[in-house]
> 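Before I ask anything, here is the structure I am working with.
First the proteins, then the strands, lettered A, B, ... as listed; each starts at 1. What you see is a predicted model, and the numbers here were worked out from it, not measured in a lab.
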Amino acid sequence: MKLKLSFYQRKQVTRIAKELLGKGLFTSLNGKRAAGVIVETEAYSYKERGSHAFENRMTKRNEVMFGEGGHAYVYLCYGIHNMFNVVTNKEGVADAILIRALEPLEGLELMMKRMGVATPKRITAGPGKLTKAMGIDRSLNGEELDSDHLWIADLGTTILPSQIRASPRIGIDYAGKDALLPWRFTIKDNSWLSK
DNA sequence: TAGAGGATTGAT
DNA sequence: TCAATCCTCTAC
């Protein structure tokens with residue numbers, strides 16, 4: 001069942017980031033469907049330096065972060081990789097969650113074709129890889145997460161707090177002490193985590 | 001309008 | 001350890 005937009009519009013971004021673990025991310029693009037279980041997330045808040053929206057700095061790129069929760073924020077990193085984020089909180093409060101890794105659930109053949117590989121090994125283990133495997137790019141920026149192209153659903157599985165590991169986020173050394181915040185959440189011992 | 005750099009990845 | 005690769009932001 002698709003998550004309602006109200007799920008994303010709550011205040012505590014770290015809580016939502018943890019609750020997204022075990023949920024299913026689905027795309028249906030050009031009639032082709034793919035899905036994966038979310039196994040790794042990172043929370044970002046306008047209050048800390050790791051975020052594009054630090055100190056409420058709004059630009060053309062990140063303006064969707066300032067909209068209401070429940071929309072996709074997709075941007076290009078290093079000129080090569082699309083990053084998929086879930087915008088949370090109410091309009092005007094720029095919080096977001098980066099989806100960093102999936103465990104493939106549906107459309108494995110399609111993912112392998114999109115990636116140009118012959119085996120599914122670690123095919124969605126990393127934020128730049130999962131967007132490519134799922135067919136997500138910047139044309140989906142701002143898309144509502146209960147649309148028919150892109151959505152997140154409850155799979156009926158429960159991830160217990162004891163199964164969740166919190167650790168510092170990846171690749172934000174420039175954020176100073178905020179880089180130490182344990183806002184990266186992973187499902188313990190899952191083999192699809194990014195490295 | 002030029003220049004620097006990035007929430008990454010895969011190969012060396 | 002390093003290049004790929006290009007969009008975005010900042011400063012001039």
Side-chain angles (χ1 to χ4, degrees), chain A residues 8 12-18 20-21 25 36 38-67 69 71-89 93-104 111-143 145 150 152 164-187 190-195:
Chain A
Y8 309 100
Q12 299 141 292
V13 66
T14 52
R15 176 179 170 177
I16 301 170
K18 281 184 273 192
L20 281 175
L21 296 175
L25 174 64
I38 297 170
V39 297
E40 177 172 347
T41 62
E42 282 183 3
Y44 287 87
S45 159
Y46 69 95
K47 296 174 189 169
E48 45 83 21
R49 306 190 100 83
S51 173
H52 291 166
F54 176 55
E55 289 183 325
N56 284 318
R57 200 165 52 89
M58 180 160 66
T59 64
K60 183 134 183 135
R61 177 176 65 164
N62 70 9
E63 64 180 351
V64 64
M65 286 180 75
F66 289 83
H71 293 250
Y73 170 41
V74 185
Y75 70 94
L76 189 68
C77 188
Y78 297 107
I80 304 171
H81 306 288
N82 289 291
M83 299 282 164
F84 171 68
N85 296 253
V86 172
V87 176
T88 68
N89 220 314
V93 184
D95 289 347
I97 297 165
L98 172 67
I99 307 300
R100 286 189 58 88
L102 302 175
E103 178 173 336
M111 291 184 186
M112 287 165 55
K113 190 177 172 187
R114 280 172 173 155
M115 298 296 277
V117 296
T119 74
K121 192 178 180 207
R122 302 190 63 74
I123 198 171
T124 50
K129 296 166 76 174
L130 74 89
T131 53
K132 187 173 181 187
M134 295 289 287
I136 295 171
D137 63 25
R138 284 174 305 144
S139 68
L140 291 170
N141 188 42
E143 187 87 355
L145 291 173
L150 175 66
I152 297 175
I164 298 175
R165 174 178 149 79
S167 55
R169 293 167 295 174
I170 305 294
I172 55 165
D173 293 343
Y174 59 83
K177 67 175 171 47
D178 289 335
L180 302 176
L181 291 170
W183 283 11
R184 175 183 182 225
F185 303 104
T186 54
I187 297 180
N190 188 283
S191 57
W192 292 91
L193 302 179
S194 69
K195 59 179 179 181

> Treating R122(A) as the side-chain partner and S191(A) as the backbone partner, does any N or O pair qualify as donor plus acceptor under 3.5 Å?
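It does hold such a pair.
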
> Could you state the atom-to-atom distance from CD of E63(A) to P of dC7(C) in whole Å?
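My rounded result for the distance is 17 Å.
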
> Ring centres within less than 5.5 Å and planes less than 30° apart: is that true of Y44(A) and dA7(B) in this structure?
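Yes, the aromatic ring of Y44(A) stacks with the base.
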
> Ignoring backbone atoms, test whether R100(A) places a side-chain nitrogen or oxygen under 4.0 Å from the OP1 or OP2 oxygen of dT8(B).
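So the side-chain polar atoms of R100(A) do come within 4.0 Å of the phosphate oxygens OP1 or OP2 of dT8(B), strictly under.
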
> Looking at R122(A), I'd like to know whether one of its side-chain N or O atoms comes within less than 4.0 Å of OP1 or OP2 on dT9(B).
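So the side chain of R122(A) is outside the cut-off, no N or O lying under 4.0 Å from OP1 or OP2 of dT9(B).
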
> Let me spell it out: for each of R138(A) and I80(A), pick the nucleotide of DNA chain C with the closest heavy atom. Which residue's pick is nearer the 5' end?
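The residue closer to the strand's 5' end, by nearest nucleotide, is I80(A).
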
> Take the protein atom CD of E40(A) and the nucleotide atom P of dT8(B), then report the distance between them rounded to whole Å.
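In whole Å, dT8(B) P lies 10 Å from E40(A) CD.
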
> Between P on dG6(B) and CG on N85(A), what's the gap in Å once rounded to a whole number?
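Result: 17 Å.
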
> So if I take every side-chain heavy atom of M83(A) and compare against dC6(C), dT8(B), dT10(C), which nucleotide ends up nearest?
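That would be dT8(B).
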
> I'd like to know if H81(A) reaches the base of dA7(B) with its side chain, counting only an N/O donor and acceptor under 3.5 Å.
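Per atom types, no contact qualifies.
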
> Rounding to the closest angstrom, what is the interatomic distance between dA4(B) and dA3(C) at atom P?
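That atom pair is separated by 16 Å.
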
> Dot-bracket for DNA chain B, please. Rules: Watson-Crick or G-U, both distances under 3.5 Å, ( ) within the strand, [ ] when a pair crosses earlier ones, | for another strand, . otherwise.
||||||.||||.

> At under 4.0 Å between heavy atoms, what does G50(A) touch on the DNA or RNA strands: base, sugar-phosphate, or nothing?
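Result for G50(A) = base.
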
> If you only use heavy atoms from C-beta on, which nucleotide in dA7(B), dT8(B), dC7(C) is closest to the side chain of L76(A)?
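Side chain of L76(A) sits closest to dC7(C).
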
